[in-house]
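Letters A, B, ... mirror the listed sequences (proteins, then strands); counts begin at 1. Remember, it's a predicted structure, so these values are computed and weren't measured experimentally.
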Protein chains: 2
Amino acid sequence: MKAKSYSRQELIALLRRQGIAPTHQRLEIAHVLFSRCEHLAADQILALVNERHAETSKATVYNTLNLFRDCGLIREVIVDPKRVFYDPNTQPHHHLYNIDTGEITDIPAADLAISGLPDLPPGMVTEGIDIVVRVRTL
Amino acid sequence: MKAKSYSRQELIALLRRQGIAPTHQRLEIAHVLFSRCEHLAADQILALVNERHAETSKATVYNTLNLFRDCGLIREVIVDPKRVFYDPNTQPHHHLYNIDTGEITDIPAADLAISGLPDLPPGMVTEGIDIVVRVRTL
DNA sequence: GCCGCGGTTAGACAAAGTCCAATCTTTGAC
DNA sequence: GTCAAAGATTGGACTTTGTCTAACCGCGGC
């Protein structure tokens, strides 16, 4: 849960390292994503980015999120069939999902072990293993 | 992977046991779901049910799937942000998801163990733990 | 036969996300 | 700094998945 506040220069460097041109809009979106440790959906990001003055369109938010995802800067979290959440934490970890509140919490993968997984069919590679612990409030 | 073919009477009994009135449409949908061991999305079920002669509407398919889900007859599988899949297998199990083909395969939970899960915050109960192994074809 | 109640329906609607062609920025070469 | 090419952004139309609604159907009980 590094709530690190990235400087403009750090964000620019972060994007350039992935070969991404650091446009104004992308920096705004990166700032929203990386300066807080939440799991945000596209519409929330759109709202946050345009909070002060509207300058980023819906299309750009989606383009940018997909770009960041493809570059491995962020991860998609698929727990709610209604919308995708984006996770700035790219460390191996899993999720606790509160069905009632919609709240998503990280579970570090470090101290977690899964045993007994079957062998993969030949010609397949594991992209990742996602564990979602679905909880309800009593 | 019981590819059991349920008789009409068995399906009726199955629904009645859950207090569900066995209407024609519900039986058709139950038949499609339980007579094959696949993970189907709502639109696929709609198409399959109306294959011979159209007699079930989109609204009824969605109503019925939600009803079956609430009664525990089927499970939702959330792996693809585009659509929910419905799983007639209610035994504890997890999923292998092929990102490229969209194919979903069951992983029995029996021989699988997870250790090191953190304690839940107080006042919360686990509804279920879903593991998704995302694979790619080489 | 008639009533009432649940189930079904078409179609309108909503929300998430994609696509497109026009326009604007960024960048690298000079 | 200037300029052109390449790349990014945009509004709005569109698609897809799923929900809602109000009318309608059908069946059991009387």
Describe the nucleic acid contact of [X] in one word from base, sugar-phosphate, nothing, applying a heavy-atom distance below 4.0 Å.
{"X": "B/N66", "value": "sugar-phosphate"}
{"X": "A/P22", "value": "sugar-phosphate"}
{"X": "B/A42", "value": "sugar-phosphate"}

In whole angstrom, what separates [X]'s [atom1] from [N]'s [atom2]?
{"X": "A/Y62", "N": "D/dA8", "atom1": "OH", "atom2": "C1'", "result": "19 Å"}
{"X": "A/L46", "N": "C/dA15", "atom1": "CG", "atom2": "P", "result": "14 Å"}
{"X": "A/E55", "N": "D/dT10", "atom1": "CD", "atom2": "C1'", "result": "13 Å"}
{"X": "B/E28", "N": "C/dG7", "atom1": "CD", "atom2": "P", "result": "18 Å"}
{"X": "A/R83", "N": "C/dG17", "atom1": "CZ", "atom2": "P", "result": "8 Å"}

Does some side-chain heavy atom of [Y] sit less than 4.5 Å from a side-chain heavy atom of [X]?
{"X": "A/Y86", "Y": "A/N66", "result": "yes"}
{"X": "B/L96", "Y": "A/P121", "result": "yes"}
{"X": "A/M124", "Y": "B/V133", "result": "no"}

It should be established whether [X] places a side-chain nitrogen or oxygen under 4.0 Å from OP1 or OP2 of nucleotide [N].
{"X": "B/T60", "N": "C/dT9", "result": "yes"}
{"X": "A/Q25", "N": "C/dT25", "result": "no"}
{"X": "A/R16", "N": "C/dT27", "result": "yes"}

Under-3.5 Å donor-acceptor pair between B/K58 side chain and D/dG18 base: yes
